[in-house]
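Everything on this sheet refers to the single structure shown next.
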2 protein chains.
Amino acid sequence: MGKHSYKYPLPAVTVDIVIFTISRRGELDVLLIERGDAPFKGQYALPGGFVDVGEGYREGATQGESLDAAAARELREETDLDVERDDVFLEQLYTFGTPDRDPRGRVISVVYYALVGMDVAPRVRAGDDAARALWAPVRSTDALDDDSEALQIVLAFDHAQVLRVAAERVRGKIDYDPRIARALLPAEFTMNDFRRVHEIVKGIPQDSSNFSKRFRRMIEDGRVEEVGAVAGMQDRGRPSALYRFPEAS
Amino acid sequence: MGKHSYKYPLPAVTVDIVIFTISRRGELDVLLIERGDAPFKGQYALPGGFVDVGEGYREGATQGESLDAAAARELREETDLDVERDDVFLEQLYTFGTPDRDPRGRVISVVYYALVGMDVAPRVRAGDDAARALWAPVRSTDALDDDSEALQIVLAFDHAQVLRVAAERVRGKIDYDPRIARALLPAEFTMNDFRRVHEIVKGIPQDSSNFSKRFRRMIEDGRVEEVGAVAGMQDRGRPSALYRFPEAS
DNA sequence: AAAATAGTGTCTGTCAGACAATATGTC
DNA sequence: GACATATTGTCTGACAGACACTATTTT
């Protein structure tokens with residue numbers, strides 16, 4: 001036993017999460033946390049934390065939690081949302097490990113991304129460090145040289161790059177993975193809600209007529225079903241039917 | 001200075017690579033290494049090794065190599081192939097970090113996958129531990145209960161699962177990412193070579209006629225070009241034209 | 001000519017994009 | 001009725017799957 005003893009330096013491993021939702025203003029928002037300590041104190045960063053590795057890299061050691069579990073835990077801690085209970089979409093995105101991305105030493109970050117419904121997103125501020133959490137439009141973290149009227153947020157570490165990769169993944173996936181739109185929508189939604197989710201994620205307008213055909217196919221295939229009521233009061237115009245995703249799917 | 005000192009246990013981080021090629025027998029092959037030490041001594045595993053993290057997680061420490069660099073280095077060490085020089089496709093796949101996947105302690109593996117051309121694959125045995133390297137059909141690592149005639153290979157660690165994820169990624173990507181087929185093909189190839197690569201990767205026959213239409217579109221768009229010669233001797237039948245991918249693309 | 005492989009043509013169904021038309025609600 | 005929004009319909013072009021057909025080589 002114990003003959004194995006590893007004396008080489010080891011990195012720290014964190015799990016960070018890019019949590020997306022759709023704001024009431026119709027924008028793609030991401031959850032940011034204001035840093036309370038150096039480095040980057042006072043700047044905004046993606047939520048994240050060290051993976052519980054038990055007793056670490058040692059023969060016979062306890063080995064702690066899985067990466068998926070760490071991500072789910074992080075989500076719970078920051079938002080009070082549970083992957084199971086609240087139908088949150090959570091998936092591994094990419095692992096970032098460039099040297100010098102963290103001045104405290106070599107840190108490798110396994111990044112996940114999550115999608116939470118516009119109906120449950122407000123519950124986030126119930127979390128631990130409510131005051132430090134902020135839903136910010138993804139747009140506000142882009143580097144736009146000209147448009148000076150909009151609020152600009154400069155992210156800590158390499159998180160601007162991380163966010164860009166995450167947003168691109170969601171954009172590229174929404175067309176063929178129905179779980180994306182499903183996770184972002186509330187339990188009941190109109191066809192227009194559905195279309196607008198696609199518009200917001202992809203950033204380009206979707207023809208409502210063509211979208212309707214696509215939606216009809218989904219109904220025929222049983223991928224969505226009518227709930228048998230119409231949407232509540234609107235400013236004007238004909239109210240739309242309400243739909244939902246079937247339980248088992 | 002030095003006020004920061006992290007006393008918590010840390011995991012080890014490795015980079016493993018799933019290296020695919022297409023064998024002369026027309027199968028999807030993966031490069032395996034026979035393990036020389038415990039655990040799993042004598043069994044086959046994916047090539048991989050620890051990431052150089054410099055002085056590790058310590059304030060002011062040197063931080064070593066990037067993950068991409070570690071993967072490229074690993075590829076060079078095991079196969080004598082260079083990502084730049086030899087047109088090898090190399091991309092991060094997924095990070096595996098389940099507890100107890102390695103009995104030596106907590107190990108988190110950032111897995112990459114690589115695609116090498118059928119023409120350069122034979123050069124692999126020039127590598128360091130030539131005797132320990134083996135090109136094995138991916139099929140031979142699947143758990144098939146019935147077909148007892150074929151050679152079965154049981155992989156070390158959770159590498160059977162890793163390999164499955166990698167193969168699925170390639171399968172799902174070959175249809176929309178032209179770099180996949182390009183990396184697997186030699187510099188000059190026939191339309192049938194191209195079709196067979198798709199058949200081998202996807203595991204289902206591709207109609208040569210429909211494939212031809214698709215190929216013609218690629219020619220019209222300049223994504224492939226005729227080389228102006230015909231393939232060498234075959235057993236019988238009409239010889240086919242040779243094509244290549246244009247330089248800049 | 002027969003065999004074998006290379007490559008083309010045709011038909012059909014699905015689906016996206018553009019745009020016109022109709023339906024149903026509020027004020 | 002005027003207006004706003006919801007929903008359906010039509011035309012077109014791109015493309016995949018199935019399958020019949022033609023072309024060019026070796027034996």
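The model shown is predicted, which means the values in this text are computed figures rather than measured ones.
- Counting any heavy atom pair closer than 4.0 Å across all strands shown, S208(A) reaches a base atom.
- Rounded to whole Å, the distance from CD on E226(A) to P on dA6(D) is 15 Å.
- Between F194(B) atom CZ and dT5(C) atom C1' the separation is 20 Å, expressed in whole Å.
- Side chain of S109(B) to backbone of V111(B): no donor-acceptor contact under 3.5 angstrom is found.
- Remark: P of dA18(C) and CD of Q206(A) are 10 Å apart, rounded to the nearest angstrom.
- dC19(C) atom P lies 19 Å from atom CZ of F211(A), rounded to whole Å.
- Taking only distance into account, the side chain of R238(A) never meets the base of dA4(D) through a donor-acceptor pair shorter than 3.5 Å.
- Note: CZ (F215(B)) to C1' (dG17(D)) measures 20 Å, nearest angstrom.
- When every heavy atom of Q92(B) is checked against every heavy atom of T95(A), the shortest pair comes out as NE2-N, 2.9 Å.
- Within 3.5 Å, no donor on the side chain of K213(B) pairs with an acceptor on the base of dG7(C), nor the reverse.
- In terms of heavy-atom proximity, P246(A) sits nearest to R182(A) at O-NH2, 3.3 Å.
- The separation between D221(B) atom CG and dC15(D) atom C1' is 13 Å, rounded to whole Å.
- Not one side-chain nitrogen or oxygen of S212(A) sits closer than 4.0 Å to the OP1 or OP2 atom of dT7(D).
- Between the CE atom of M191(A) and the P atom of dT24(C) there is a distance of 15 Å, rounded to whole Å.
- Proximity of N192(B) to the phosphate of dT5(C): no side-chain N or O atom is located under 4.0 Å from OP1 or OP2.
- Between the CG atom of N210(A) and the C1' atom of dA6(D) there is a distance of 15 Å, rounded to whole Å.
- The residue from R195(A), K202(A), R196(A) that alone fulfils the salt bridge (charged side-chain N to carboxylate O under 4.0 Å, His left out) condition with E199(A) is R195(A).
- Nearest-nucleotide assignment on DNA chain C puts the 5′-proximal partner with R217(A), out of R217(A) and D207(A).
- Checking the phosphate oxygens (OP1, OP2) of dT7(D), no side-chain nitrogen or oxygen of R216(A) falls inside 4.0 Å.
- Within 4.0 Å of R214(B), counting heavy atoms only, lies no atom of the nucleic acid at all.
- Using bins of under 30°, 30° to 60° and over 60° for the plane-to-plane angle, the ring pair F194(B)/F245(B) lands in the tilted bin.
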